[in-house]
Amino acid sequence: MIDIKLLRTDLQRVAAELKRKNFNLDSALFLALDQQRKDRQILTELLQAQKNKYAKEIGKLIQTARAEGTNIEEHTAKGEVLKKKLTASENSMVQIQNEMQEMLEDIPNIPHQTVPVGSNEADNLEISRYGEIPKLSFDPADHSDLGVKLSGIDFERAAKITGARFTYLSGTIAKLHRALSNFMLDVHTSEHNYKEVYVPFIVNRESLFGTGQLPKFEEDLFKLEDSREFYLIPTAEVPVTNIFRGEIIQELPIKLVSHTPCFRSEAGSHGKDTKGMIRQHQFDKVELVQFVEPQHSWSALEELTHHARSILQRLELPHRCIALCGGDLGFASAKTYDLEVWIPSQSKYREISSCSNFTDFQARRMKTRYRNLRTGNLDLVHTVNGSGLAVGRTLVAILENYQSKDGSITIPEVLRPLMNGLEKIK
RNA sequence: GGUGGGAUGGCAGAGCGGUUGAAUGCACCGGUCUUGAAAACCGGCAUAGGUUAGUAGCCUAUCUAGGGUUCGAAUCCCUAUCCCACCGCCA
């Protein structure tokens, strides 16, 4: 949620900045609603003040009336009339406040000045590249063919067990998958100073509201058949960020890392990436989350992106970093870097991590604050997060980039200690 | 699943129909004292919204959340959520 004060003081500027995100702010509607809100609030508070004053006065009158045994009805009757007027006024105020709240909840975060201008994916800006694209003497096989041949990936069985867009891994490939998440966790905890957390994979509505998935993006989520409105997490960002919902953090920064499965309905992506394990309903991800003071969130984004990249570097996977343009930016993000890894079978870079600064957008929805020692105020924290990395796609990248002509896979050096020294999967 | 007990400011913890936005302690901030520090003492210290030129004053809301009773609710009643204890069941 953006700050409503910003809309009140600088409506035209905010509207212009949101345009860069392809969002049309209905300024006229906002002004009209806010004026109505103001009128109704002033009236309501006036009536409340009257009621409070009257209740105080009448208390004494009633007490003396009772002591003297006289009638108290003339006193209470006036209170009743006041109360009726007040209730009506309160209702109309609450109604308009709810309308404004709904409007506010649907407004995306304001993009940072450094976000490239553009309306879609094509306008994203490449920031840097790393690694040589491997020149193979043969046509690279795709990861699903490789995995199936090695008897380590079986999509048919996954489809039998559940359905499309699920994966069944076995043997060395399953172990490699586990080694990857362990490797990532180890690097981030022991070298980048993140604290490992294990969190629920089912969350409630409030948590999804806090990070911005709800109410706007319900169709992307798997919802449980349960009166408590539970959902499977689409990313660890949701449970991890919400650890501090409604809390006042004593000491910043806080850096957390968590390995979780992620569940996405992939509604609206029919026909996209139907082969292989690029786009699944369930995948593992190691997520980095930072809670920082506002003045540090931009450097935190650079740092966190660097932490995610270091995994790709250690695995020696060719990749690039791009800055998403305004039109491609997520709802809650003020700026996002995507890390894309080279996928030989597609001759393309594909997203493997997304690192964003949400500024105070999520913190405002979550009411996560800290004590600003300079001003003495309670201020909203900033949240920054990113994948470090998507485990399933990392497995894909390794299978494809480390393949040999005979279909065997060389295991990256850094993973061998986690694979009992194994060098090659045949 | 059953039965009890809870949820109050940054934290701990009083209050249990009107004078309580809320005692007290801790923490924090300012001051006195001191060569300096500690201790002691004095003072300050909730959040959000409205009004306003105003971080001044005034007004409103907020004691887990939502309903209700009452002229008046932190305080009484109902519901939900979470926590704690004991019993039953169980990875």
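The sequence lines fix the lettering, A, B, ..., with proteins before strands; numbering per chain opens at 1.
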*Quickly work out the A:Glu247 CD to B:U64 P distance and round it to whole Å.*
17 Å

*Heavy-atom donor-acceptor pair, A:Gln41 side-chain to B:G49 base, under 3.5 Å*: no

*Which listed nucleotide (B:U47, B:G50, B:G18) is nearest to the side chain of A:Arg371?*
B:U47

_Could you identify the nucleotide paired to B:G10, looking across every strand shown and requiring Watson-Crick or G-U wobble geometry with both distances under 3.5 Å?_
B:C26

_P spacing across the pair B:A53 / B:G10, given as an integer number of angstrom_ = 31 Å

*Looking only at atom P, what distance separates B:U8 and B:A74, rounded to whole Å?*
16 Å

*Which is true for A:Lys38 with a 4.0 Å heavy-atom rule: it touches a base, it touches only sugar-phosphate, or it touches nothing?*
sugar-phosphate

*Please work out which of the three classes, parallel, tilted or perpendicular, describes the rings of A:Phe201 and A:Tyr198, given edges at 30° and 60°.*
perpendicular

*Give the nucleotide from the list B:C59, B:U51, B:G18 with an atom nearest to the side chain of A:Ala55.*
B:G18

*asked:* Are A:Trp298 and A:His112, when compared by the centres of their aromatic rings, separated by less than 6.0 Å?
replied: yes

*Would you kindly give the CG-to-P distance between A:Leu46 and B:G50, to the nearest whole Å?*
17 Å

*Under 3.5 Å on both distances, the Watson-Crick or G-U partner of B:U62*: B:A46

*Rounded distance in Å - CZ (A:Arg37) to C1' (B:U51)*: 11 Å

*May I have the distance from A:Leu47 (atom CG) to B:C71 (atom P), rounded to whole angstrom?*
18 Å

*A:Lys5 NZ to B:G50 C1', straight-line distance once rounded to whole Å*: 12 Å

_Between B:G30 and B:A48, how far apart are the two C1' atoms, rounded to whole Å?_
26 Å

*Relative to the 5' end of RNA chain B, which residue comes earlier, A:Arg8 or A:Ile248, by the nucleotide with the nearest heavy atom?*
A:Ile248

*asked:* Checking A:Gln280 against A:Gln282: is there a side-chain donor and acceptor pair closer than 3.5 Å?
replied: no

*Could you tell me if the ring centre of A:Tyr231 sits under 6.0 Å from that of A:Phe222?*
no

*Where the side chain of A:Gln48 is defined as all heavy atoms beyond and including C-beta, which of B:A61, B:C71, B:G10 is the nearest nucleotide?*
B:A61

*Scan side-chain atoms only and decide if A:Glu400 and A:His143 contain a donor-acceptor pair under the 3.5 Å cut-off.*
yes

_Please report the distance separating the P of B:U75 from the corresponding atom of B:G15, rounded so that it comes out in whole Å._
15 Å

_Which heavy atom of A:Glu105 sits nearest to which heavy atom of A:Arg365, and what is that distance?_
O-NH1, 3.5 Å

*asked:* Taking pairing as Watson-Crick or G-U wobble with both contacts under 3.5 Å, can you name the mate of B:U55, or confirm there isn't one?
replied: none

*C1' gap between B:U70 and B:G50, integer Å*: 28 Å

*Less than 4.5 Å apart, any side-chain heavy atom of A:Ser269 and any of A:Arg279?*
yes

*Under a 3.5 Å cut-off for both distances, is B:U70 Watson-Crick or wobble paired, and to whom?*
none

*asked:* Would you measure the distance from the C1' atom in B:A65 across to the matching atom in B:C82 and give it in whole Å?
replied: 11 Å

*Distance between the P atoms of B:G17 and B:G6, in whole angstroms?*
15 Å

_From CG of A:Leu378 over to P of B:C29, roughly how many Å is that when rounded to an integer?_
15 Å

_Interatomic distance, A:Asn52 CG vs B:G17 P [rounded to whole Å]_ = 20 Å

*Any strand is fair game: report the nucleotide pairing with B:C33 by Watson-Crick or G-U wobble, both distances under 3.5 Å, or none.*
none

_Nucleotide forming a Watson-Crick or wobble pair with B:G1, both distances under 3.5 Å_ = B:C87

*asked:* Rounded to whole Å, please give me the gap between CG in A:Asp379 and P in B:U55.
replied: 15 Å

*Does B:C16 pair with anything, Watson-Crick or G-U wobble, both distances under 3.5 Å, and if so, with which nucleotide?*
none

_Separation between the C1' atoms of B:C86 and B:C71, rounded to whole Å_ = 45 Å

